Q: 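After the structure tokens below, expect a handful of questions from me.
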Amino acid sequence: MSSNTARQAFTRFTRRVPITRTEHLAGDIYRHHIHFPEIAEGAQPGQFVEVKVSNDFDPLLPRPFSVNQVDRENGVFTILYEALGQFTKEIAGMSAGEELQILGPLGRPYPLGSDECDEIVLVAGGLGIASFYHAAWTLREAGDERPVRLFYGARNRHSVVQLEDYEALGVSVEVVTDDGSLGEKALVTTPLTRYLQTQPRRPALYVCGPTPMMKAVSEIAQIERVKCYLSLETYMACGIGTCVGCAIKLRTGDGADDFVYGRACVEGPVIEAERLVW
Amino acid sequence: MAVEIGPVRLKNPVTVASGTFGFGREYAQLFDLSQLGGIFVKGTSLEPRRGNPPQRIYETAAGMLNSIGLQNDGVEAFIAEKLPFLNQFDTQIFVNIVGNRIEEYAELARILDDQPGVAGLEINISCPNVEHGHAEFASDPTATCNVVSAVRRATGKVVIPKLSPNVTDITAFARASEDGGADAVSLINTLVGTAIDVKTRRFRLANVTGGLSGPCIKPIALRMVYQCAQTVSIPVIGIGGISTWTDAVEFLLAGATAIQVGTASFANPLAALEIIDGVEAYLQDNGLNSPSQITGKVERGPVDPVL
Ligand SMILES: Cc1cc2nc3c(=O)[nH]c(=O)nc-3n(C[C@H](O)[C@H](O)[C@H](O)COP(=O)(O)OP(=O)(O)OC[C@H]3O[C@@H](n4cnc5c(N)ncnc54)[C@H](O)[C@@H]3O)c2cc1C
Ligand SMILES: Cc1cc2nc3c(=O)[nH]c(=O)nc-3n(C[C@H](O)[C@H](O)[C@H](O)COP(=O)(O)O)c2cc1C
Ligand code: FES
């Protein structure tokens, strides 16, 4: 193959690009708008980007963040995150005009096709909410008329974000909090189970949140026999599939030893719950 | 910018390190692999290997620990599925081979000897992340010599043993490799390390220890490349923490004929390309046209902090 043919196939992109806007949404939660037309255009819901501030060695590895929202017209996408550790605290202090090094779009998206289900049920725990706006928006943009529901569990009312955005898209939202400061004082599995017991028409669950929550939702999905997709937040290095550092156990049969190690960044981050060995 | 490793010509001295570039497919989504001097593919064994359980990676100060455990689909899958893809590009392909016994290395060499798309074999006798097997090849110069000569007999391809830094005197292994008939040596593989989570009081890696790589190992790697280049007359391929063109030039000055970019690709997938451009500009600025003109040209002398 000549170099030119190889070049035409480029599907991932990396370069330093400017932040166009920074929002402080709540508590320690921020959103950056980033100018990167190829990613705004090409990212599918559930995909992520790898982010680094510079070529510094501290931290050395880039950090993965979901594509939260895209604005194709302006060539901008957003990431939404909580300033928890060294890296997220550092980027929270950055403002419009400063640059980030971005690699993306990466990973396997949410399968949202209409043959999957008659109803889209999004289940978010904490910052797991970040990946869902792009999904709900894409469905509406495509003229998909299936109902979209969001079950959203957060620590307290100060850590709930983007509610109006979902409502504007016509998504039915049910929020619960750990302390009852907004919605019911419950884990997100409580309203979800209640809802599934009303026996809705062929729903599919799309889940992103802390591991114990995703495990609990997978178990519920198995009992209720509904399709369930998890978006995993595994520790990553390359984010693109070369290092095999982000290993997840994927079932290949029924025996205890019937599994292979897949890559969360390529075979995931979105994975059918029944394929995952916990 | 071309350099020679035995009979194999690299269009430039910048290659990518085994285990940090997969089998090329992923980074081919980003740039044209034909720009690289060569690609050292992920460690490949006779039979598929599942690899170690997670957690497999952990970031440390200016580096990372990994305990991947040489997960790979085996040599047959490499030839059927990976090699044709790699051969679309105008670059040299080196297969990093892994075995538990000498016969396995020789068998891998025989199988790959038939493949015109393979330029050479990098003998991985130095991976710290698998339980049994090749620890002895890495820690006993006689065993190193034996495995190298067994591979040498089994193939006409370029043979490059990859040396472990986890030894007292790495030059003994470079010499043993040369005695065994190696065309070149590459070094260094990762340094064995570990990390502990004080909150849970557990090791960060499921395998307890892992291989340390990245900028933090560069001074050690550079010293070892210098020592080995002083010891043997075959080419030395420098590896360890190379992230920028200045790092690469340091390795060339220390005695490397070519270099491999590893962990730096995770931080910046275009690192190898930026290094190629930087080395080329450095040579030009100094009125030179070949990297070999600076190989081993480091000098001792008074240190001028201003220069
Ligand atoms: C596919 C994917 C999508 C993600 N999307 C989002 C998102 O949209 N918003 C968001 O807030 N967070 C997201 N995360 C998690 C985010 O990557 C971590 O919060 C971030 O790395 C924290 O870095 P830090 O240095 O601030 O924190 P640290 O102090 O380093 O760690 C805080 C937490 O982040 C985890 N973490 C640290 N380094 C990595 C790494 N290299 N890879 C993965 N996890 C790491 C740690 O396990 C720890 O739990 C996502 C993770 C993945 C894998
Ligand atoms: C994730 C990872 C996987 C690796 N896998 C291999 C391997 O399969 N075979 C091998 O010989 N070296 C392997 N290495 C070692 C590298 O090729 C290289 O020798 C080492 O990382 C030092 O270079 P660096 O600091 O530039 O990364 C691996 C390194 C990393 C970080
Ligand atoms: S993070 Fe490197 S393979 Fe997934």
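Here is the naming used below: chain letters follow the sequence lines, and residue numbers restart at 1 for every chain. All values derive from a computational prediction rather than experimental measurement. These values consider heavy atoms only, across backbone and side chains, with no hydrogens, waters or symmetry-generated copies.
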Q: Heavy-atom cut-off 4.5 Å, strictly under: side chain, backbone, both or neither for B:Phe23 against chain A?
A: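 Neither the backbone nor the side chain of B:Phe23 comes within 4.5 Å of chain A.
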Q: Please examine the side chains of A:Leu60 and B:Pro215, heavy atoms only from C-beta on, and report whether any two atoms are closer than 4.5 Å.
A: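 When only atoms from C-beta onward are counted, A:Leu60 and B:Pro215 do touch, with a gap below 4.5 Å.
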Q: So, A:Gln101 side chain and B:Ala267 main chain: donor-acceptor pair closer than 3.5 Å or not?
A: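 A pair under 3.5 Å: yes.
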Q: Taking the side chain as C-beta and beyond, is there a heavy-atom pair between A:Phe57 and B:Ser243 under 4.5 Å?
A: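 Answer yes - side chains close enough.
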Q: Keeping B:Arg50 on the side-chain end and A:Phe259 on the backbone end, is there a donor-acceptor pair under 3.5 Å?
A: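 Present.
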Q: For B:Thr244, which atoms come within 4.5 Å of any heavy atom of chain A: side chain, backbone, both, or neither?
A: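 Neither part; nothing is under 4.5 Å.
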Q: For A:Arg63, which atoms come within 4.5 Å of any heavy atom of chain B: side chain, backbone, both, or neither?
A: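 Contact with chain B involves the side chain of A:Arg63 alone.
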Q: For side-chain contact (heavy atoms from CB on, under 4.5 Å), just list the numbers for B:Asn268 and A:Leu103, CA-CA rounded to whole Å, side-chain angles, deciding distance to a tenth of an Å, and then say yes or no.
A: CA-CA 9 Å; B:Asn268 170 16; A:Leu103 164 66; over 6 Å; no
Q: Can you check whether A:Val244's main-chain N or O pairs, donor with acceptor, with B:Arg56's side chain at less than 3.5 Å?
A: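 Here the side-chain-to-backbone pair exists.
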Q: Please round to the nearest 0.5 Å and tell me the distance separating atom CD of B:Glu26 and atom CD1 of A:Ile240.
A: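 With rounding to 0.5 Å, CD (B:Glu26) is 7.0 Å from CD1 (A:Ile240).
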Q: Show your working on side-chain contact (heavy atoms from CB on, under 4.5 Å) between B:Ile57 and A:Tyr235 and close with a plain yes or no.
A: CA-CA 8 Å; B:Ile57 50 174; A:Tyr235 201 93; 3.8 Å; yes
Q: For atom CD of B:Glu47, is the number of surrounding heavy atoms from other residues, nucleotides or ligands below 6.0 Å larger than 12?
A: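 Not more than 12 within 6.0 Å, no.
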Q: Counting heavy-atom pairs under 4.5 Å with chain A, which one of B:Gly51, B:Ser265, B:Pro54 comes out on top?
A: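 Among the listed options, the one with the most contacts to chain A is B:Pro54.
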Q: Does atom CZ of B:Arg202 have more than 12 heavy-atom neighbours from other groups under 6.0 Å away?
A: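 Not more than 12 within 6.0 Å, no.
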Q: Calculate, to the nearest 0.5 Å, the distance between atoms CZ and CD belonging to B:Phe266 and A:Glu50 respectively.
A: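 The distance works out to 10.5 Å.
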Q: Side chains of B:Phe21 and A:Cys238: does their closest heavy-atom pair fall under 4.5 Å?
A: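 No, side chains not in contact.
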Q: Measuring from A:Thr242:OG1 to B:Lys42:NZ, what's the distance to the nearest 0.5 Å?
A: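 It is 9.5 Å, given to the nearest 0.5 Å.
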Q: Sub-3.5 Å donor-acceptor pair from the side chain of B:Gln71 to the main-chain atoms of A:Tyr261, do we have one?
A: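 Judged by distance alone, yes, a pair lies under 3.5 Å.
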Q: Can you tell which part of A:Asp58 gets under 4.5 Å to a heavy atom of chain B, answering side chain, backbone, both or neither?
A: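 When you check distances to chain B, no heavy atom of A:Asp58 falls under 4.5 Å.
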Q: Is the number of heavy atoms from other residues, nucleotides or ligands under 6.0 Å of A:Gln222 CD greater than 12?
A: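 No, the 6.0 Å shell around CD holds no more than 12 heavy atoms from other groups.
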Q: Measuring heavy-atom distances to chain A, does B:Pro48 have an atom under 4.5 Å in its side chain, in its backbone, in both, or in neither?
A: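 Neither the backbone nor the side chain of B:Pro48 comes within 4.5 Å of chain A.
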Q: With chain B, which of A:Thr14, A:Thr234, A:Val266 has the greatest number of heavy-atom pairs at distances under 4.5 Å?
A: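 With the most close heavy-atom pairs to chain B, the winner is A:Thr14.
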